[in-house]
Amino acid sequence: MNILYEGKAKRLYATEHDDELRMSFKDDATAFNGVKHAQLAGKGHLNKEITLLLYRELADAGIETHFLRELNDTDLLVRKVTIIPLEVVVRKVVAGSLAKRTGLAQGQTLDEPLVEYYLKDDALGDPMLAPAHIRALNLAQPDEVTAVTQQALVIFTHLETFFAQAGLRLVDLKLEFGRADGKILLADEISPDTCRLWDTETGEIFDKDRFRQDLGEVIEHYQQILERISPHAKRV
Ligand code: ADP
Ligand code: UDP
């Protein structure tokens with residue numbers, strides 16, 4: 001099976017091509033740095049479908065990513081990259097740790113998107129970093145930080161518009177980037193595990209906060225996200 005890595009939500013497998021990986025989505029749900037854990041039947045399939053649809057939207061918008069093609073119900077073929085160990089979070093609406101850290105009111109819309117960087121290190125609890133820390137820790141070159149920031153903003157804005165057509169408000173989004181062939185590419189997943197989505201009209205929560213906050217019907221809401229966005233996909 002050539003498993004290269006097993007994470008909290010996905011497994012990575014080697015393929016017959018050195019520069020390609022099979023990214024397999026698991027049914028495991030985790031929160032609070034892995035402290036809360038459950039199996040949610042069907043989550044792997046749904047997150048793979050949502051990631052696939054969103055990666056195709058980005059491709060159609062001319063945004064190059066690690067995505068190559070769909071393999072099966074739970075797996076995508078992706079280009080192997082060297083992950084930059086940063087979680088790049090883009091926010092447009094105050095929620096989660098931003099509300100806790102700043103006292104800004106949950107649900108308040110920011111004047112412009114905010115980009116934050118966190119160190120991808122579970123043992124340290126993914127601490128927030130300033131660009132100066134990224135340089136001091138030699139995690140990425142300044143021009144790479146600029147490239148990642150620009151791409152993150154373009155991706156967020158594009159997806160925000162896409163979700164709006166489906167009556168969903170993209171509150172925030174976590175992205176990971178990697179290096180391949182001298183380029184910086186978007187990698188990992190884009191799913192309700194890694195972004196916040198609220199109903200535009202009612203504010204109903206559709207994302208992993210349903211699991212974090214024990215709101216129930218997690219899978220039903222992930223399924224509804226897929227059903228709502230599918231009619232707006234340029235490719236089926
Ligand atoms: P975690 O590592 O946080 O538990 P996952 O279970 O989602 O997260 O594991 C997926 C891992 O695969 C992440 O560490 C992510 O950085 C990495 N990854 C995603 N896409 C690629 C890629 N194209 N090439 C190499 N690694 C990747
Ligand atoms: N996020 C993520 N992985 C993490 C931390 C955050 O995908 O390890 C996502 C989270 O789902 C949300 C956004 O990043 O969409 C911002 O998360 P926040 O900093 O508010 O973290 P929280 O305190 O909610 O974990």
Side-chain angles (χ1 to χ4, degrees), residues 3-15 17-37 43-44 47-48 51 55 64-68 74-102 104 106-107 110 113-129 152 156 159-160 163 169-181 183-198 205-213 218 222:
I3 188 160
L4 294 180
Y5 176 81
E6 172 144 18
K8 297 184 293 293
K10 299 189 290 301
R11 295 185 189 92
L12 296 178
Y13 296 89
T15 66
H17 300 289
D18 280 351
D19 54 351
E20 296 178 1
L21 297 176
R22 178 159 65 91
M23 184 166 83
S24 183
F25 290 74
K26 308 199 293 183
D27 282 345
D28 299 63
T30 62
F32 312 118
N33 213 354
V35 172
K36 182 169 176 173
H37 183 237
K43 184 174 85 81
N47 277 356
K48 169 257 166 185
T51 296
Y55 267 120
E64 204 185 350
T65 72
H66 74 151
F67 170 69
L68 294 171
T74 52
D75 297 4
L76 300 176
L77 188 72
V78 299
R79 196 185 296 192
K80 184 178 185 171
V81 302
T82 304
I83 292 285
I84 299 172
L86 293 176
E87 300 200 337
V88 181
V89 171
V90 188
R91 306 176 182 269
K92 190 68 181 296
V93 181
V94 177
S97 70
L98 180 64
K100 288 202 195 88
R101 207 170 43 242
T102 61
L104 288 169
Q106 166 103 357
L110 298 166
L114 173 66
V115 182
E116 298 173 336
Y117 315 94
Y118 295 84
L119 179 63
K120 206 172 130 55
D121 187 326
D122 284 347
L124 293 175
D126 296 345
M128 188 161 75
L129 301 177
F156 184 91
L159 295 179
E160 182 186 34
F163 279 118
R169 189 175 180 201
L170 183 60
V171 170
D172 55 34
L173 170 65
K174 185 270 297 180
L175 301 171
E176 293 185 21
F177 293 87
R179 305 176 181 101
D181 302 332
K183 282 186 278 198
I184 305 270
L185 296 178
L186 178 67
D188 208 51
E189 67 184 285
I190 318 174
S191 77
D193 276 8
T194 60
C195 68
R196 287 194 167 94
L197 290 165
W198 298 349
I205 293 169
F206 280 75
D207 56 74
K208 198 165 94 171
D209 276 346
R210 297 204 72 85
F211 175 70
R212 293 189 187 96
Q213 299 174 23
V218 180
Y222 280 31

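Because the structure is predicted, anything quoted here is derived from the model rather than measured. Counting starts at 1 for both ligands and their atoms, in listed order.
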Compare all side-chain heavy atoms of [X] with those of [Y] and state whether any distance is below 4.5 angstrom.
{"X": "Lys183", "Y": "Glu64", "answer": "yes"}
{"X": "Leu197", "Y": "Phe163", "answer": "yes"}
{"X": "Leu98", "Y": "Val89", "answer": "no"}

Mind jotting down which protein residues get a heavy-atom contact under 4.0 Å with ligand 2? Chain and number order, please.
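The 4.0 Å shell around ligand 2 contains Glu87, Val89, Arg91, Ala95, Gly96, Ser97, Tyr118, Asp126, Asp172, Lys174, Asp193, Thr194, Cys195, Arg196, Arg212.
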Nearest protein heavy atom with distance in Å, relative to [atom]:
{"atom": "atom 8 (O) of ligand 1", "answer": "Lys8 N, 4.2 Å"}
{"atom": "atom 2 (O) of ligand 1", "answer": "Tyr5 OH, 2.4 Å"}
{"atom": "atom 18 (N) of ligand 1", "answer": "Ile83 CD1, 3.7 Å"}
{"atom": "atom 17 (C) of ligand 1", "answer": "Leu12 CD1, 3.9 Å"}
{"atom": "atom 7 (O) of ligand 1", "answer": "Lys10 NZ, 2.4 Å"}
{"atom": "atom 6 (O) of ligand 1", "answer": "Ala9 N, 2.7 Å"}

Considering only heavy atoms of [X], which atoms of ligand 1 have at least one such atom less than 4.0 Å away?
{"X": "Leu21", "answer": "24 (N), 25 (C)"}
{"X": "Gly7", "answer": "4 (O), 6 (O), 9 (O)"}
{"X": "Ala187", "answer": "20 (N)"}
{"X": "Val78", "answer": "23 (N)"}
{"X": "Lys120", "answer": "2 (O), 3 (O), 13 (C), 14 (O), 16 (O)"}

Do we see a donor-acceptor contact under 3.5 Å between the side chains of Arg91 and Ser97?
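A donor-acceptor contact under 3.5 Å links the two side chains.
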Do Asp193 and Tyr222 meet the criterion of a side-chain donor-acceptor pair at a distance under 3.5 Å?
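Asp193 vs Tyr222: donor-acceptor pair found between side chains.
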Just verifying a value: how many Å separate Lys43 NZ and Ser191 OG, rounded to the nearest 0.5 Å?
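It comes to 6.5 Å.
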Roughly how far apart are Trp198 CH2 and Arg196 CZ, rounded to 0.5 Å?
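Atom-to-atom, Trp198:CH2 and Arg196:CZ are 7.5 Å apart.
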If you apply the rule salt bridge (Lys or Arg N to Asp or Glu O under 4.0 Å), what do you find for Asp181 with Arg79, and how did you get there?
CA-CA 10 Å; Asp181 302 332; Arg79 196 185 296 192; 3.8 Å; yes
Chi angles and distances behind the side chain to side chain contact (heavy atoms under 4.5 Å, CB included) call for Tyr118, Leu86:
CA-CA 6 Å; Tyr118 295 84; Leu86 293 176; over 6 Å; no
Does only the side chain of [X] get under 4.0 Å from ligand 1, or the backbone, or both, or neither? Count heavy atoms.
{"X": "His66", "answer": "side chain"}
{"X": "Glu6", "answer": "neither"}
{"X": "Glu176", "answer": "side chain"}
{"X": "Asp188", "answer": "both"}

Go through Lys174 and Glu189 one step at a time and tell me if the salt bridge (Lys or Arg N to Asp or Glu O under 4.0 Å) criterion holds.
CA-CA 9 Å; Lys174 185 270 297 180; Glu189 67 184 285; over 6 Å; no
Determine the minimum heavy-atom distance between [X] and [Y], stating which atoms define it.
{"X": "Cys195", "Y": "Leu170", "value": "CB-CD1, 4.0 Å"}
{"X": "Pro192", "Y": "Asp207", "value": "O-CB, 3.5 Å"}
{"X": "Asp126", "Y": "Asp122", "value": "OD1-N, 3.6 Å"}
{"X": "Ala152", "Y": "Val88", "value": "CB-CG1, 3.9 Å"}

Looking only at N/O atoms, are [X] and ligand 1 under 3.5 Å apart anywhere?
{"X": "Val81", "result": "yes"}
{"X": "Met23", "result": "no"}
{"X": "Asp122", "result": "no"}

Residues which pass side chain to side chain contact (heavy atoms under 4.5 Å, CB included) with Ile83, listed by chain and number, not counting sequence neighbours:
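So Ile83 forms a side chain to side chain contact (heavy atoms under 4.5 Å, CB included) with Val81, Lys120, Glu176, Ala187.
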